[in-house]
2 protein chains.
Amino acid sequence: MDTRHMRYFVALAETLHFSQAAARMNMSQPPFSRQIAAIEKTLGVRLFERNSRNVVLTTAGKHFLNDCRSVLAGFEAACRDVQLVASGAKGELKLGFTMYAAQGIVPKLVRLLSDAAPDVRLVLEERLPSDIDELLLESRLDAAVTLGNPTARHLQTRFLARDRLRLIVHADHPLASAEQVGAQSLTSERLIAAPASVVPTLRSAIGAYCAAGGIVPHFALEPRLQHTIIRLVGEGLGVALIPQSLCSDLGETIVSRPLIDPPEFDVVLCAPTASRNPAVGRLFELVKQLSF
Amino acid sequence: MDTRHMRYFVALAETLHFSQAAARMNMSQPPFSRQIAAIEKTLGVRLFERNSRNVVLTTAGKHFLNDCRSVLAGFEAACRDVQLVASGAKGELKLGFTMYAAQGIVPKLVRLLSDAAPDVRLVLEERLPSDIDELLLESRLDAAVTLGNPTARHLQTRFLARDRLRLIVHADHPLASAEQVGAQSLTSERLIAAPASVVPTLRSAIGAYCAAGGIVPHFALEPRLQHTIIRLVGEGLGVALIPQSLCSDLGETIVSRPLIDPPEFDVVLCAPTASRNPAVGRLFELVKQLSF
DNA sequence: CCATTTGATACCTCCAGAGTATCAATTCGC
DNA sequence: GCGAATTGATACTCTGGAGGTATCAAATGG
């Protein structure tokens with residue numbers, strides 16, 4: 001028994017006519033009749049009542065017809081789906097992202113992918129930048145939206161957007177009314193920033209910016225989450241340099257000011273160079289066609 | 001592509017070893033390798049990443065493995081089920097019955113069948129005896145529990161039980177206190193009975209009984225349902241001869257009395273002689289082993 | 001009663017799939 | 001580092017099963 005036999009059976013069950021069914025199967029009647037007989041013999045079940053004039057399904061044949069149709073449908077779906085999965089049009093994509101970079105970009109990316117490949121189940125995972133590289137290399141993430149990191153090996157990256165840092169201070173802070181702020185203005189400020197182990201890209205950018213301005217930054221507090229940094233600035237416990245894209249909706253108590261010659265950094269899509277998941281290729285293809 | 005190919009694929013996906021998988025398929029490694037290559041070629045999809053030392057599933061291969069397993073399971077279930085249907089162990093059985101005969105017997109029959117063949121979906125339909133023959137011949141019923149009917153052609157029957165008629169009268173009726181009742185006692189009674197067109201067996205039995213007693217019965221009312229007959233007797237509108245098996249639980253206002261030399265009739269299981277439904281054969285087999 | 005239709009049978013052909021022998025590449029132990 | 005062993009790929013051969021053609025047998029209908 002094979003799917004071919006099932007197809008023969010279905011053809012005969014639908015036409016109830018050996019010659020017509022054989023024609024539908026692109027073959028002549030005699031071998032077709034033999035195949036039907038072979039099916040009945042191997043199953044040990046009479047599927048058709050037939051005299052040389054009429055063909056009619058038995059009760060068992062009717063049941064078998066239903067079963068064959070669903071088996072054949074499943075069979076063809078399997079063969080079709082495997083091609084879709086291979087092409088990246090179907091499957092699962094675990095996409096990591098970090099709030100340090102994700103503002104506005106991840107929703108666009110999700111929309112883009114779910115429009116172009118609705119059968120790809122997208123699993124979103126928010127992580128700290130430092131965790132993302134590790135998860136990608138362990139294949140626990142397929143791709144991620146994160147900060148550009150020159151040290152990333154074994155990772156392919158694609159530029160998504162360029163962002164710059166901006167100063168945020170409490171509304172009562174003297175710098176709140178400054179038009180622009182240079183590095184020197186930060187000399188005696190209590191800086192709040194995530195530790196280098198969590199967000200190396202931003203932390204090194206801040207360090208470089210201060211060094212260029214000839215000052216030594218004083219990092220008073222080092223929380224891990226962007227959200228916490230903003231909260232602490234709101235409490236007046238210090239000032240911070242955060243991505244411009246995160247400076248909307250800071251609330252009443254926090255004011256953001258542009259920096260003179262601000263540090264810039266890339267927001268990138270990245271994935272393991274030898275990703276096993278075809279959906280990753282698809283995602284990169286889609287991103288190519290897009291400009292943020 | 002065929003189920004055989006799927007089996008090969010699953011074997012390799014489970015062992016990740018060509019020689020072992022080939023052995024499991026009872027064949028040698030070279031043709032097995034070729035079949036795997038052929039699958040990948042016809043699908044146009046790489047299912048395994050392999051060098052001469054390691055074999056590992058691709059993402060598409062993993063999906064395909066799941067799909068293949070369910071397709072193969074469905075395939076085998078279909079081949080198995082068709083045999084069960086043919087043997088009468090699975091399928092549907094539309095069983096008709098009539099309240100004139102069914103008291104106590106149908107529940108036993110249902111229990112019997114659902115114990116012996118739980119995969120046979122039993123559809124019960126209560127009908128008048130006259131309808132049952134017709135529905136059986138039209139194959140709108142597969143089998144039925146009804147009154148023995150000597151005129152039934154094209155029907156196979158099997159004896160289930162023998163029943164006899166009994167007189168029921170209103171509690172205030174003079175015959176209510178009679179020990180036994182003969183046909184002569186019915187001379188001037190208003191008889192209530194279903195019309196011959198509805199229950200020919202009982203009606204002719206009643207007719208013969210009266211004729212044997214030398215009286216001409218007076219059928220005052222001719223409702224179609226047994227239940228209605230009993231209600232009308234309860235209203236004192238006449239007397240009736242009904243199956244003994246229906247004489248329990250008649251209520252306060254109705255009294256049943258045995259007849260002298262009562263008319264007897266068979267309760268039978270019957271089905272079209274050339275029934276297409278194997279479950280019917282099964283049912284008859286089961287009934288053979290049973291005595292009511 | 002004969003022509004037509006339809007499924008079954010007999011016989012032949014051929015290719016897909018299985019077998020054997022062998023090769024090539026990688027790994028591992030000494 | 002080199003040889004032995006393991007493992008998948010390749011080349012060639014062969015066989016069984018699936019399909020083709022010709023034909024028959026039975027049933028239907030004008």
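Sequence lines set the chain letters: A, B, ... in the order given, protein chains first and strands last, and positions in each chain run from 1.
Defined by atom type and a distance below 3.5 Å, a donor-acceptor pair is present between the side-chain atoms of A/Thr3 and B/Asp2.
For A/Phe32, the ring-ring contact (aromatic ring centres under 6.0 Å, His included) partners are A/Tyr8, not counting sequence neighbours. Residues satisfying the ring-ring contact (aromatic ring centres under 6.0 Å, His included) test with A/Phe48, not counting sequence neighbours, are A/Phe9. Judged as a salt bridge (Lys or Arg N to Asp or Glu O under 4.0 Å), and not counting sequence neighbours, the contacts of B/Arg24 are B/Glu14. Evaluation of the salt bridge (Lys or Arg N to Asp or Glu O under 4.0 Å) rule for B/Arg158 yields no partner, not counting sequence neighbours.
The terminal axes of the helix from C/dC1-D/dG30 to C/dC30-D/dG1, fitted over 5 pairs per end, subtend an angle of 20° to the nearest 10°.
Contact annotation: A/Ser33 side-chain N/O to C/dG7 OP1/OP2 distance is not under 4.0 Å. For the OP1/OP2 pair of D/dT6 and a distance below 4.0 Å, the side-chain nitrogens and oxygens of B/Ser19 include no atom meeting the criterion. OP1 or OP2 of D/dT6 has not a single side-chain nitrogen or oxygen of B/His17 nearer than 4.0 Å. A close approach under 4.0 Å does occur between a side-chain nitrogen or oxygen of B/Ser28 and OP1 or OP2 of C/dG19.
The minimum heavy-atom distance linking B/Ala89 with B/Arg282 is given by the pair CB-NH1, 3.9 Å.
Taking atom CD1 of residue B/Ile36 and atom P of nucleotide D/dG8, one finds them 11 Å apart after rounding to whole Å. When the P atom of C/dA18 is taken as reference, atom CZ of B/Arg7 falls 12 Å away, rounded to whole Å. Here the P atom of nucleotide C/dG17 and the CG atom of B/Asp2 are 8 Å apart, to the nearest Å. Between the CG atom of A/Leu12 and the P atom of C/dG7 there is a distance of 8 Å, given to the nearest Å. Protein atom CZ of A/Phe32 is 13 Å distant from nucleotide atom C1' of C/dT6, rounded to whole Å. Between the P atom of D/dT10 and the CZ atom of B/Phe18 lies a distance of 11 Å, rounded to the nearest Å. Atom CZ of B/Phe48 and atom P of D/dG8 are 11 Å apart (whole Å). The separation between B/Lys41 atom NZ and C/dG17 atom P is 12 Å, rounded to whole Å.
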*Before giving the answer on side chain to side chain donor-acceptor pair (under 3.5 Å), spell out for B/Gln29 and B/Ser33 the whole-Å C-alpha distance, their side-chain angles and the decisive distance to 0.1 Å.*
CA-CA 6 Å; B/Gln29 171 262 319; B/Ser33 292; 2.9 Å; yes
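A salt bridge links B/Glu285 and B/Lys288; the closest N-O separation between the charged side-chain nitrogens and carboxylate oxygens is under 4.0 Å. A salt bridge is absent between A/Arg127 and A/Glu134; no separation between the charged side-chain nitrogens and carboxylate oxygens falls under 4.0 Å.
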Below 3.5 Å is the cut-off: list the nitrogen or oxygen pairs between protein and nucleotides 16-18 of chain D, distance only.
none

